[in-house]
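Numbering of ligands and ligand atoms starts at 1, following listing order. The structure presented is a predicted model; accordingly, all values stated were derived computationally and were not measured. Values below: every heavy atom of this structure, side chains too, minus hydrogens, waters and symmetry copies.
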Amino acid sequence: MFENETKSIFINGKWRNVDSQQTDTIYNPATLKPITKVAYGGANETEEAIKAASEAFQLWGEMTGRERSRILYKAHELMLEEVDRLGEILTIEQGKPIKEAKGEIKGAASFLLWYAEEASRAYGEWIPSSNKTKRLLVIPQPVGVVGAITPWNFPASMITRKIAPALAAGCTIVLKPAPETPLSAIEIVKILERAGMPNGVVNLVTGDAEAIGNTMLTSKEVRLITFTGSTEVGKHLMRESADHVKKLSLELGGHAPIIVFDDADIDKATTLALASKFRNNGQTCICANRIYVHDSVKDIFTQQLTKKVEKLKIGYGLDDDTDLGPLINQQASEKVQKHLDDAIEKGAAIVTGGDKWSGDMEGYFYQPTVLSSISDDMLIMNEETFGPVMPIQTFTDEKTALQNANNTDYGLAAYIFTETTSRAIRVSEKLEYGIVGVNDVFPAVAEAPFGGIKQSGVGKEGGHYGMDEFLEMKYVSMGIE
Ligand SMILES: O=CCCCC(=O)O
């Protein structure tokens with residue numbers, strides 16, 4: 001499936017390596033075996049890519065929305081034709097189970113479709129003037145060159161979620177995928193190329209993350225950076241982009257609570273909690289990180305959940321029956337272990353799991369773990385774990401549950417399980433989060449605004465809101481006779 005070396009830099013319509021011939025080896029996180037080598041680009045390649053994107057902006061920005069739409073729509077069709085192959089590539093480089101990988105590819109395609117449709121719907125405004133001799137217009141115009149920095153946990157859908165609205169709006173792109181997972185990015189760019197994207201509109205630079213990111217940050221021509229990743233890096237981008245007053249769209253860390261009320265459907269609640277926590281092995285920014293269960297249903301919830309967790313199959317992502325793949329790398333595994341050790345030291349009890357998984361592969365596998373006897377001072381209740389550990393704490397009244405859920409600097413996603421509509425509305429309104437799932441743990445869809453508040457980010461991805469990020473509203477004031 002892969003050559004020993006893969007050309008991974010795409011600038012102005014040409015695939016190439018770097019002049020220095022420097023490469024980066026990409027590993028399969030399940031086996032720790034090398035998959036291929038990609039080009040190790042840096043500042044030079046990023047500057048070239050920015051130049052190409054700036055030049056292409058003239059053409060792309062002036063095309064009609066309908067013309068841009070046709071290319072995005074074609075890319076959507078091409079992506080759907082290749083779900084199986086792209087899913088396999090994604091699993092091989094990222095580790096997630098093939099059923100999730102194929103689901104991600106379909107999700108990635110859905111952003112291309114949605115923004116193909118939105119491309120011709122960037123409306124302006126005619127503002128009624130209070131002065132008879134004036135006419136006031138608002139014209140939406142593309143921001144310009146966009147630097148897109150994407151994460152390893154969703155190597156396909158986080159790319160299309162960013163670049164589809166940017167392209168629909170008329171922006172051009174320099175894409176930097178996560179160093180761990182450049183192969184899905186290469187495939188997506190090839191699809192855009194086959195769909196007829198003009199040269200220079202989408203450019204890809206793999207390699208030295210810091211050098212590429214800093215070149216984007218210090219470039220005057222890059223008008224907006226869209227980033228998904230940690231809050232720490234998001235803060236760095238905010239600080240360093242101040243000199244050029246760059247626009248930023250940031251999807252950062254989360255620490256999602258699930259509140260299980262006493263009127264919840266427990267069978268549904270346990271299925272959903274499990275899906276939220278263990279999808280992508282807990283490596284999702286909207287994964288539940290802490291569960292608050294009403295005291296009166298704690299036992300039944302924990303029993304049912306544990307039974308379901310114990311049926312999860314850990315293994316190689318390409319095996320159809322695998323539910324949990326490996327963690328992405330050693331650092332991720334160490335963090336999970338640190339959170340677990342800290343919790344145990346502070347009095348947590350292991351209900352199930354609690355250790356590394358030693359199968360026949362070299363990767364960083366971990367048993368799906370459920371913990372009880374949880375206290376607020378544990379690391380796991382305060383920091384993003386990004387791994388398959390679920391701490392269960394109890395509460396006795398709605399007010400306390402809300403206080404606990406809101407007691408964090410993060411504000412990405414929160415979930416509540418209840419069968420009472422008024423409670424669902426009341427609690428949703430009080431949760432200090434950008435996204436609330438009510439009896440639903442899969443809120444990320446192309447047509448809705450995804451994004452956090454507080455230290456979980458700025459801006460929205462998805463829906464018409466997602467395209468607004470890439471448009472400037474130019475105000476034209478006309479004096480008339
Ligand atoms: O990690 C953040 C993106 C979540 C995407 C999804 O839930 O599909």
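Using the six-membered ring where Trp is involved, Tyr115 and Phe111 have ring planes that are parallel, under 30° apart on the 30 and 60° scheme.
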Salt bridge (charged side-chain N to carboxylate O under 4.0 Å, His left out) between Asp24 and Lys37, intermediate numbers included: CA-CA 5 Å; Asp24 200 10; Lys37 289 182 184 142; over 6 Å; no
CA sep, side-chain torsions, deciding dist, call: Ile328, Asn153, side chain to side chain contact (heavy atoms under 4.5 Å, CB included): CA-CA 8 Å; Ile328 191 72; Asn153 61 344; over 6 Å; no
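The two residues Pro97 and Asp323 have their closest heavy-atom pair at CG-O, 3.3 Å. A pairwise comparison of heavy atoms in Val143 and Cys171 identifies N-SG, 3.6 Å as the closest pair.
Where the criterion is an N or O separation shorter than 3.5 Å, residue side chain and backbone included, Asn153 meets it with respect to ligand 1. Here's the thing with Met158: none of its N/O atoms is less than 3.5 angstrom from an N/O atom of ligand 1.
Proximity of Cys285 to ligand 1, defined as any heavy-atom pair under 4.0 Å, is shared by backbone and side chain alike. Residue contacts with ligand 1 for Phe154 involve side-chain atoms from C-beta outward but no N, CA, C or O (heavy atoms, distance under 4.0 Å).
Scanning Glu104, Arg279, Glu461 for the heavy atom closest to atom 8 (O) of ligand 1 points to Arg279.
Every atom of ligand 1 with a heavy atom of Ile286 under 4.0 Å away is listed here by number and element: 7 (O). Numbered from 1 in the order shown, with element, the atoms of ligand 1 that lie under 4.0 Å from a heavy atom of Ala444 read 6 (C), 7 (O), 8 (O).
In terms of the side-chain contact (heavy atoms from CB on, under 4.5 Å) criterion, residue partners of Lys454 (sequence neighbours excluded) are, by chain and number, Glu432.
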